[in-house]
Every structure is written in structure tokens, then in C-alpha cells.
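Everything on this sheet refers to the single structure shown next.
As a basis for the values below, the full set of heavy atoms in this structure was taken, side chains included, without hydrogen atoms, waters or symmetry mates. Sequence lines set the chain letters: A, B, ... in the order given, protein chains first and strands last, and positions in each chain run from 1.
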There are 2 protein chains.
Amino acid sequence: MGKEEHPNISVDCVIFGFDFEKLNVILIERKLIEPDTGKRLINDYTLPGAHIFKDEPLKKAAQRILYDLTGLHDIYLEQFYTVGDPARLKNPVDQFWLECIGKDPAEHVVSVCYFSLLNCNQVTIQHKERNPRWYPLKDLPVLAFDHAHILDKAMTALRRKLQYEPIGFEMLPDKFTLSQLQKLYEVVFDTTIDKRNFRKKIARLKYLVQLDEKQQGVSHKPARYYIFSNEEYKKTRNNILNFTI
Amino acid sequence: MGKEEHPNISVDCVIFGFDFEKLNVILIERKLIEPDTGKRLINDYTLPGAHIFKDEPLKKAAQRILYDLTGLHDIYLEQFYTVGDPARLKNPVDQFWLECIGKDPAEHVVSVCYFSLLNCNQVTIQHKERNPRWYPLKDLPVLAFDHAHILDKAMTALRRKLQYEPIGFEMLPDKFTLSQLQKLYEVVFDTTIDKRNFRKKIARLKYLVQLDEKQQGVSHKPARYYIFSNEEYKKTRNNILNFTI
DNA sequence: CCAAAAGTGTTCAACTTACACCCATGT
DNA sequence: ACATGGGTGTAAGTTGAACACTTTTGG
């Protein structure tokens, strides 16, 4: 009961962050250096994750991981996948690592995976140990365990979700410009979007509310700010039945 | 190792079956009758599920459950959700039941949930114990544990999936008529579809191949059979970027 | 005045929706 | 002959895609 870790159940978090230019993800160093020779035995990266405590709900565990990294509660969080192949931690490097950090390498660990959405500029990552920081998705280092696979699934899940729910706002400040929103979609879907068509689409959405406020101190025509109105969204959300077959 | 059950990790299966009229799901009786009085202490229904064996992959466990119920391998199977709140099995009836079947009611059981798709008429459910059978989704009995919640999530996941991938075929025979396919969509989305518009849409899809073969022995104009061509689908699948924002 | 990003309309093609009748078969 | 479900086309409205120039600000 209480703070004892469950040996078989962990939670991994794919924390996406948008910095107005590209999409990033928080990774943590996994470094093991032989003290005598200075030789790097292990030098790669993992997603933030933790074993759940016994009697801790999965979502609470994910929120705990997020809080420890960002100091924030109430971050957008969504479960998207659970990995549970007994072979997933069985390669020699991972086995060696698990021994080094005092886990039983023989355990079958099922990992429940969540993704979260943030705006990079509104977060300062808390350093406790092992140096967590943002890495651009377009330029990732080598990932440990099956974390490349998990990240791939997370990306697919994010795109899917973004296709039917307006959660892009979670990666922007409360007030944002349409160009910022457009850039976000372009980055997530790795594409370019026509500015006029994009804005025409926005104009149809009642839950995107234009403010009187404008950008200040930019050396070009200042953009108008918009906010996302959740009330309007709830009213006008379209339960589309647009099946592809 | 081997056939020992993992006390904390289970797999539940939501097995959807289409019978050309409605959507059904396989449920299993949970019955407990007091021997003396004949009083029904428990009388409700559960989704098929099982604890995984130690060192068994999650998907293998799901396939095992499906095989035990249907005698079939290679059924469409998709993971959609994992429940892991320690409170999920803590109501008195469920606790009592767990004790009766020899499980430790205090364990925190994380359940990884899969849904599968079948055509009811092509399956005979294997009776081992506790009488599993099809129940119409529109007329469900009382469900045990948090299985009503899981079923709800499954239904949402099925609809979403059906909106961007043509997996409806998994609930039809290899050869099917367009009316059968239309009925399937109508039933899953609880709506009605215009016949001519539906068929116009189908005509655009190259992976729906019309056969020369027709229905036989029906007391009306016999319908042409169609098959789903996976090769064509892979060629023409559209990676649409149709975001709602 | 220059650089930088904001903002704005039109046209054409594709798709969606609504709608009614004849056809082939078994009984 | 009749009951049953199969099969077909058209017109109007809506949406998606392509495309270029003017505006506002800071430096």
C-alpha cells in the first residue's frame, strides 16, 4: 500500500511541445559511463516514465510524471496505447541498464502510454536528475527500449485526434494568432496549408473567437489574437458521420 | 513462467458481431445462486476476459480468449483502452464474486481491452462454462465490474476506426451485397443512409470489387456480390488530412 | 523605404444531399 | 399477380483547392 512501486506496471509519457516552429518531445538521458576508462557503456534517451505505485490509478501516475517534470497540473493528457510484450525490455543493453538501476530485469513490465500537449514556452522543465529536455521530433537521438515504437504510435494518435477534435490549442498560449495555429497544423501533419483557405475554414468555426487585442512590438503588421471557446465548441461540435468505408 | 496467471494484468475482449440486422456483443453469465434457498446472489454479465499468463504478450492473451470462445484464429483484433483504477473492482458484489472464484479481491487489476469484429453467422460460440452468447447492443443486460464503461469506449473506438478505415468487411462474409454493407454502417452509426448516395460512394472505391456472382434463392431480385480487395486498398488508401480544427 | 508577416476573394472542380421509379426473383 | 428487396440519375447546394496583391508595423 502507499508508495511501494508496482514491479509490473509502468506509465510512459510522450510529452509533445510546440515552440511556434516545430514539434518537440521531452526525453531523458540514459547514460552509463565506466568510471575508470570514461567509456560510454550506455548513452541514449528514454521517454519520461515511472512504475505506478500500488493502488495508484494509471492516470494519476501519468499526472505525477508530468508534475515532476513541469510543475504543472491540468495538462492535456490522453491514453493512447499499452505495450505488453514480455520481450520488450529483453535486449542486452536494456537488461544491463535495468540491473544497474536496481530493477529486476526478468520482470514482464506492461507500460500504459499517455501523450500530453504543451506549449514549450510556457513550461520550464524541472531538473531533478538525468537532464530531461526538449528534442525536435525531426531530429531525434537514439531511443532506448521500445520507445521509438511508442513515439511512433503517439504521433499517429495525435494526428488522428487532431483530425476530429480541436486540441491544437493545448499547444498554444491562451491567446494565439491564426498564423501560429496554422503553423501548428503544418508541423503536426508535415505539410503546408494555404493561408486563405485555412482562414476561411476558421471563419466557419464559432468556437474560435477573435479578440480586439493585437500583437504588440512585432516588426510587421500585428496579428489579431484568437481564443478557443470551449462553451461554443460544446454547443457546435459536429458529431460527423463522415466514413471513408 | 509458463501457465501461471499474472494477478494484476488482465485482458478483456469486446467481441462485436453483426448478424445482418443488428450489432451484438458476446457476454458471459455471472451467476451465483445460494444452494439452499435458490436465491440469486449475483446474476449479471461480463465481457470475456482473462488474466494474462506470466510472460504472455497482451495480444496473445486476447487471441487466446477469442480462440477459446470461437475456435478461430486470425480474427480482427484491436487494442483500444486500458483501465487501471484501483477502485474499479471494489464494489461489494464484485468483491464477493472475486472471492468466490478464488481471486484475491484486494489486488489492483489493470485490464487491457481489445475489440474484435465478427460475422455472427460464421461463428459458433464454444460453450465451456458460464454460457457465453451474443446479446444485442440495443438491449443489453446488466454488466458487472466497469464493463459497461469499457463497452462504451469500445463502441466509440469502433465508430472512430470505421470512419477512417474500411474494417466493416470484418463483420461480413467474404462475399457480401451492398445492402448488407449499408445496413452494417447504419447499425454501427445508428442512422439511416440513402441507398443511391451510398452506392455512388462505393462506386468510387476501387477496393470494393464487384463479382459476376449473384445471390441465389432469394425471393426478390438477386443482389450482386462484392469482395474487399486488400491489395487495391493498400494502393489507393487515402491518407487524408481532413482536420476539423 | 525596406523587410516581414497579416489579411483578404474568386473561380473551378469535387463532393454531398435529396429525391422516385422500374427490375428480377420466389411464392 | 404480388411481395420483396435490388438497382439506377439528376439537380442544387456545399465544400475544397488553387492562386496574388495590399496593409501595417518596426527598424
Q) Does the side chain of B:R199 get closer than 4.0 angstrom to OP1 or OP2 of D:dG7 through an N or O atom? A)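 Checking D:dG7 against B:R199, a side-chain N or O does come within under 4.0 Å of OP1 or OP2.
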Q.
Any side-chain N or O of B:S179 below 4.0 angstrom from OP1/OP2 of D:dG6?
A.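 Checking B:S179 against D:dG6: at least one side-chain N or O falls below 4.0 Å of OP1 or OP2.
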Set of side-chain hydrogen bond (donor to acceptor under 3.5 Å, both in side chains) partners for [X], sequence neighbours left out:
X: B:K138; result: B:D190
X: B:K60; result: none
X: B:R160; result: A:Y164
X: B:Y226; result: B:Q210

Please give, in whole Å, the distance from [N] [atom2] to [X] [atom1]?
X: A:R224; N: D:dT25; atom1: CZ; atom2: P; result: 11 Å
X: A:Q182; N: C:dT8; atom1: CD; atom2: P; result: 14 Å
X: B:L178; N: D:dT8; atom1: CG; atom2: P; result: 9 Å
X: A:K201; N: C:dG9; atom1: NZ; atom2: C1'; result: 19 Å
X: A:Q215; N: C:dG7; atom1: CD; atom2: C1'; result: 13 Å
X: B:R204; N: C:dA13; atom1: CZ; atom2: P; result: 17 Å

Q: Could you pull out all residues at least two apart from A:K22 that satisfy salt bridge (charged side-chain N to carboxylate O under 4.0 Å, His left out)?
A: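 In terms of salt bridge (charged side-chain N to carboxylate O under 4.0 Å, His left out), with neighbours along the sequence ignored, A:K22 is linked to A:D19.
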Q) Just by protein heavy atoms under 4.0 Å, how would nucleotides 19-27 of chain C read 5' to 3' in B, S and -? A) BB--BBBS-
Q. Do the ring planes of B:F169 and B:F228 sit parallel (below 30°), tilted (30 to 60°) or perpendicular (above 60°)?
A.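 Parallel.
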